[in-house]
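To start, the structure itself, in structure tokens.
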Protein chains: 2
Amino acid sequence: MWRLSLCFDYAVDVTKPLRRDAERNRQRILQAAQEVFAARGVDVMLDDIAHHAGLGVGTVYRRFPTREDLVEALFDSRLEVIVGWAAEAMEDPDPWAGLNRFAERAIAAMADDRGLRDIAFSRAYGRNRVAEVRERLAPVVEALVVRCQQAGVVRPDVGGADLGLIQFMLAALLEYTEPVEPGLWRRYLTLMLDGLRSGTTPLPGAMPDVEAMDRIAENWRPPRRPPADH
Amino acid sequence: MWRLSLCFDYAVDVTKPLRRDAERNRQRILQAAQEVFAARGVDVMLDDIAHHAGLGVGTVYRRFPTREDLVEALFDSRLEVIVGWAAEAMEDPDPWAGLNRFAERAIAAMADDRGLRDIAFSRAYGRNRVAEVRERLAPVVEALVVRCQQAGVVRPDVGGADLGLIQFMLAALLEYTEPVEPGLWRRYLTLMLDGLRSGTTPLPGAMPDVEAMDRIAENWRPPRRPPADH
DNA sequence: GAGAAGTGGAGGACTGCCCTCAACTAATCG
DNA sequence: CGATTAGTTGAGGGCAGTCCTCCACTTCTC
């Protein structure tokens, strides 16, 4: 991993730097993509990003030949933040409070950013840099849950993947509630966390594992949202 | 309601009956549509339905000029069954068991039928016959919840619309889990019902009402699923 | 100011879907 | 049975949406 990173930096250094105006435009594109992705998800037309950046389509295609290039350039850091929150939650002296706070923050971030939602679960985008970060998330979440169970504040028959699925469900909900009833997701997060803590009915079926979450996310494709006609 | 039904029958009687083979084809189309809708949702190409019925596209378009005609012809009875289950649940001597059984049955039905899922929440399809049935569902669900609250087995700060939203979330989940982890939804239904019963953390935000559910569903459009390539 | 680097955005190519219509076939009736 | 009417077919025209190239043009750099 280190090695890879070094190789990459080296390559960057060797490549002739962009002309000043070109570099400025590159930043503009990233900024525009960030905003448009947040508002309409990653499956917008690249034309829209170009337009939002005040540049021609050609420029976007020259700098980022595929949508994937944009995604990889933008979302690894966004996801990294979430991983950071999970690690932070592990530090909380109260395991239950930590878990709550993590779940809350993660969903809140997705509520504000359709692109993040798309990328957090997609296996179709972010196959390299982003995927690496994504893979680091699952173990921390698992640990978060286990710690709560050891403290006796989460039922023993759930696992990290269950929390993943819960986030997946809430992300799906956001798609429809957020535009008309912002914040409504908090009710259902609360409800599910309550179930996680004090539920007693034995959960049917087998506890899902990480591969199950993978198989499920495999089917997920970022939807194309229509442009907001204002 | 009776009146409407009578009018309709009358109209049918007056209209010249279809030729025998035409009537047979009509049935075939309905049967095929049922199957294809169940497998791939209501937003399949009408060509696919025609093909599945072993008929030409033209025949389908002659008999059911729009997709909506097919939807209206098929799904009011399907939804009616669900309303029936809700009514049945009201008869259960144990209010909590009734609520559970209803939720369980409703989701199970949607797990087996993508079309039903699409129609249950869509405001874009089934604007007449189906919508009428759909509207009759909400009050019964509300009653189901209230009865449980009166019996003290459901927390007082939830309402019928919350149960609606829960079903909505699970329906969204089904889209991705059912093909790879069939039945996984039961875990999360259980978890949420447990939260509904024994949750104690006050639910944030205002309790959603029927109009909120309407506004949310307004954004929902049946997705187009790719044909299963076997 | 010459040459290299970068830009713009109209438009060709493609895909996917809807639905018509002219040529056909089948049922029905006297 | 032939005439008449009803019904069927499916290739293909049309439309909408998207991608991404290409080359005349502008801007930077030395």
Side-chain angles (χ1 to χ4, degrees), chain A residues 12 14-33 36-37 39-71 73 115 118 124-125 221-229, chain B residues 12 14-33 36-37 39-71 73 115 118 124-125 221-229:
Chain A
V12 159
V14 154
T15 310
K16 238 181 184 173
L18 290 175
R19 225 168 66 180
R20 188 123 45 86
D21 56 338
E23 182 53 36
R24 185 166 29 84
N25 285 342
R26 209 186 89 95
Q27 292 307 327
R28 276 190 192 162
I29 292 168
L30 283 171
Q31 174 68 21
V36 177
F37 283 166
R40 298 187 31 221
V42 293
D43 206 18
V44 289
M45 289 186 290
L46 293 202
D47 297 47
D48 291 344
I49 292 171
H51 183 254
H52 189 73
L55 299 168
V57 227
T59 309
V60 173
Y61 277 96
R62 157 177 285 259
R63 219 47 77 198
F64 301 93
T66 69
R67 183 192 316 280
E68 176 77 350
D69 293 315
L70 274 168
V71 168
D118 288 350
Y125 289 114
R221 296 266 171 282
R224 167 141 314 192
R225 287 95 171 179
D229 39 36
Chain B
V12 159
V14 154
T15 310
K16 238 182 186 174
L18 291 174
R19 226 169 63 178
R20 190 123 45 83
D21 57 337
E23 181 54 35
R24 186 165 30 82
N25 286 342
R26 209 185 89 95
Q27 293 306 328
R28 277 191 191 160
I29 292 168
L30 284 171
Q31 175 67 24
V36 178
F37 282 167
R40 301 192 22 226
V42 294
D43 207 19
V44 288
M45 289 187 288
L46 293 202
D47 297 48
D48 290 345
I49 293 171
H51 183 255
H52 189 74
L55 298 169
V57 226
T59 310
V60 172
Y61 277 97
R62 159 178 282 262
R63 216 51 75 198
F64 301 95
T66 70
R67 184 192 315 280
E68 176 78 350
D69 294 314
L70 273 168
V71 167
D118 289 350
Y125 289 113
R221 295 266 171 283
R224 167 142 315 197
R225 285 97 171 177
D229 39 34

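Below, chains carry the letters A, B, ... as their sequence lines are ordered, and counting in each starts from 1.
- With sequence neighbours excluded, the residues satisfying salt bridge (charged side-chain N to carboxylate O under 4.0 Å, His left out) with A:D21 are A:R19.
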Side-chain atoms of residues 22-30 of chain A: list all donor-acceptor pairs with protein atoms under 3.5 Å, sequence neighbours left out, distances to 0.1 Å.
from: A:E23; atom 1: OE2; to: A:Q27; atom 2: NE2; distance (Å): 2.9

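- At least one side-chain nitrogen or oxygen of A:K16 sits closer than 4.0 Å to the OP1 or OP2 atom of C:dA5.
- In terms of phosphate contacts, B:N25 brings a side-chain nitrogen or oxygen within less than 4.0 Å of OP1 or OP2 of D:dT8.
- Within residues 42-52 of chain A, no residue has any heavy atom closer than 4.0 Å to DNA chain C.
- Within the 4.0 angstrom heavy-atom criterion, no nucleotide atom of any strand lies near B:R26.
- Within the structure, every pair that satisfies the side-chain hydrogen bond (donor to acceptor under 3.5 Å, both in side chains) test and touches residues 57-69 of chain B, not counting sequence neighbours, is listed here: B:T66-B:D69, B:R67-B:Y125.
- Taking a 4.0 Å limit (strictly below) on heavy-atom distances, residues 57-71 of chain B reaches DNA chain D at B:V57, B:G58, B:T59, B:R62, B:R63.
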Side chains of residues 40-56 of chain A: which donor-acceptor partners sit under 3.5 Å, not counting sequence neighbours?
from: A:R40; atom 1: NH1; to: A:D48; atom 2: OD2; distance (Å): 3.1
from: A:R40; atom 1: NH2; to: A:D48; atom 2: OD2; distance (Å): 3.4
from: A:R40; atom 1: NH2; to: A:R225; atom 2: O; distance (Å): 3.4
from: A:D43; atom 1: OD1; to: A:R224; atom 2: NH2; distance (Å): 3.0
from: A:H52; atom 1: NE2; to: A:E35; atom 2: OE1; distance (Å): 2.7

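- Contact annotation: A:R224 reaches the phosphate of D:dC19 (side-chain N/O to OP1 or OP2, under 4.0 Å).
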**Prompt:** When every nucleotide of nucleotides 23-30 of chain C is labelled 5' to 3' by its protein contacts under 4.0 Å (heavy atoms), B for base, S for sugar-phosphate only, - for none, what sequence of letters results?
**Reply:** ---BSS--
